[in-house]
Amino acid sequence: MATTEAVKAKTLLGECSAELAGTFILILFGCGVVAQVVAAGIGNHDSIAWAWGLGVTLGIYTAGRMTGAHLNPAVTIALATFRGFSWKKVLPYSVAQFLGAFLAALVVRWNYTEALNKFDPGLTIKSQGVFSTLPGNGSLDLGVGMWGGFRDQIIGTAILMFLILAIVDMRNTSPAANLAPLIVGLVVVGIGMAWGTNAGYAINPARDFGPRLASFFTGYGGAFKDQFGDLYFWVPIVAPILGALVGAFLYDLLVGRNLPIADEDEEPGRIPETETRA
């Protein structure tokens, strides 16, 4: 007996809602774990790296079917530049990603109010790293400044974008669609463990600016500056975008252009899907 299913057409509003929800989940786990480690002393750098990776994985599972789960304006811009993703959707997607990150950070800020106020009554640079990144993770001893953080974010996001394209490229040895989110999450864990010192591995403008704005509105008057007093908020916005473009360019130059042509084209940015027919 043949069965038919009504196919529900996607809308831009639906896609943006999915991007908002996926980014919301990502930041709940990411900023949540940093709040726990910083304010309560429960956990360490490794638990931060793993929770961020799990947040990415779960965020991708949340939005993957609708949009491929960009969850990152830098990824969206790189896909529009190198994969034909519609430029008309770049701004709406980015706004949704920023909003999702902002709302999730407000939840974290609300839930950890008592712990943060006890740990850092003045809501200073001491706990600002719960929400946004800083050069050298806020340390004066490492000697990492604004431009060191800028360099770091270009490199880290280039690694992220290069590997995302390798993972989702159907012409390559890509994992099954249901495993791709897990592998991308592991990439973020690896970046956190290997590239977290110089700038806190934001590698995502929405991940940094959304929570930074939320912290500013909830008492962190110095949210836009680093520990040296310099305006730093723009670094985790501009540098990841440049890094994603570099990573996508390098993937196509070194790998993508040499792979065999796929049997059929996938929508830009979408997680590869497989079908099994009887």
Side-chain angles (χ1 to χ4, degrees), residues 26-27 29-53 55-56 72-74 101 105 108-109 112 115-116 119-161 187-216 219-244 246-247:
L26 162 61
I27 299 302
F29 283 88
C31 286
V33 71
V34 182
Q36 178 171 272
V37 171
V38 170
I42 301 173
N44 53 33
H45 173 19
D46 286 355
S47 60
I48 289 175
W50 280 108
W52 273 110
V56 169
N72 183 338
V108 172
R109 176 70 176 89
Y112 281 97
L116 287 169
F119 173 76
D120 182 17
L123 300 179
T124 67
I125 200 79
K126 184 178 178 181
S127 62
Q128 174 58 37
V130 167
F131 300 99
S132 54
T133 59
L134 294 161
N137 288 308
S139 171
L140 295 172
D141 297 334
L142 293 178
V144 180
M146 178 186 298
W147 295 110
F150 190 86
R151 175 194 64 227
D152 177 87
Q153 285 301 285
I154 291 177
I155 296 171
T157 316
I159 295 170
L160 174 68
M161 194 70 224
V187 168
V188 173
V189 173
I191 291 174
M193 289 183 171
W195 294 88
T197 297
N198 281 2
Y201 70 107
I203 57 177
N204 181 339
R207 169 268 173 272
D208 190 87
F209 188 71
R212 191 182 295 272
L213 199 61
S215 68
F216 177 77
Y220 285 85
F224 297 109
K225 295 182 179 181
D226 62 18
Q227 66 269 32
F228 304 104
D230 297 323
L231 280 178
Y232 186 78
F233 75 93
W234 63 274
V235 171
I237 296 174
V238 176
I241 292 172
L242 295 176
V246 169

Enquirer: Give the ring-plane orientation class for F224 versus F209, where under 30° counts as parallel, over 60° as perpendicular and anything between as tilted.
Expert: tilted
Enquirer: Do the two ring centres, one from F150 and one from W234, sit under 6.0 Å apart?
Expert: yes
Enquirer: With rounding to the nearest 0.5 Å, note down the distance linking CD in Q227 to OG1 in T124.
Expert: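 Those atoms lie 11.5 Å apart.
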Enquirer: If only atom types and distance count, is the side chain of D46 paired as donor or acceptor with the main-chain N or O of A49 below 3.5 Å?
Expert: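 No, D46 side chain to A49 backbone: no donor-acceptor pair under 3.5 Å.
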Enquirer: In Å, rounded to the nearest 0.5 Å, how long is the span from CG of N204 to CG of L26?
Expert: 6.5 Å
Enquirer: Quick one: pull up CG in L242 and CD in Q153 and give me the separation to the nearest 0.5 Å.
Expert: 11.0 Å
Enquirer: Measure across A74 and T157 and return the closest heavy-atom pair with its distance rounded to 0.1 Å.
Expert: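 Distance-wise, the nearest heavy atoms are CB-CG2, 4.4 Å.
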Enquirer: Looking at every non-hydrogen atom in both residues, tell me the closest pair between G196 and Y201 and how far apart they are.
Expert: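 Scanning both residues, the minimum pair turns out to be CA-CD2, 3.7 Å.
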Enquirer: Grab the two heavy atoms, one from P240 and one from I203, that are nearest each other, plus how far apart they are.
Expert: CB-C, 4.0 Å
Enquirer: Taking all non-hydrogen atoms of both residues into account, name the closest pair between D226 and P135 and its distance.
Expert: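 D226 and P135 have their closest heavy atoms at CB-CD, 3.6 Å.
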Enquirer: Using every non-hydrogen atom in the two residues, find where L142 and G136 come nearest and quote the distance to one decimal.
Expert: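 So the two residues come closest at CD1-O, 3.6 Å.
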Enquirer: Step by step, work out the side chain to side chain contact (heavy atoms under 4.5 Å, CB included) result for F233 and D208.
Expert: CA-CA 8 Å; F233 75 93; D208 190 87; 5.6 Å; no
Enquirer: Measure across Y232 and A199 and return the closest heavy-atom pair with its distance rounded to 0.1 Å.
Expert: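 Smallest interatomic distance, heavy atoms only, reads OH-CB, 3.8 Å.
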Enquirer: What is the distance from atom CG of L116 to atom OH of Y220, rounded to the nearest 0.5 Å?
Expert: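 L116 atom CG to Y220 atom OH measures 4.5 Å (nearest 0.5 Å).
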Enquirer: Can you tell me if CZ on F29 sees more than 12 non-hydrogen neighbours from other groups inside 6.0 Å?
Expert: no
Enquirer: Rounded to the nearest 0.5 Å, what separation is found between the SG atom of C31 and the CH2 atom of W52?
Expert: 4.5 Å
Enquirer: If you apply the rule side chain to side chain contact (heavy atoms under 4.5 Å, CB included), what do you find for K126 with F119, and how did you get there?
Expert: CA-CA 9 Å; K126 184 178 178 181; F119 173 76; 3.5 Å; yes
Enquirer: What verdict does the side chain to side chain contact (heavy atoms under 4.5 Å, CB included) test give for R207 and T133, after you've listed the backbone C-alpha separation in whole Å, the side-chain angles of each residue and the deciding distance to 0.1 Å?
Expert: CA-CA 9 Å; R207 169 268 173 272; T133 59; 4.0 Å; yes
Enquirer: Assess whether side chain to side chain contact (heavy atoms under 4.5 Å, CB included) is satisfied between D152 and W147, documenting all intermediate values.
Expert: CA-CA 8 Å; D152 177 87; W147 295 110; over 6 Å; no
Enquirer: To the nearest 0.5 Å, tell me how far L134 CG sits from I125 CD1.
Expert: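 With rounding to 0.5 Å, CG (L134) is 4.5 Å from CD1 (I125).
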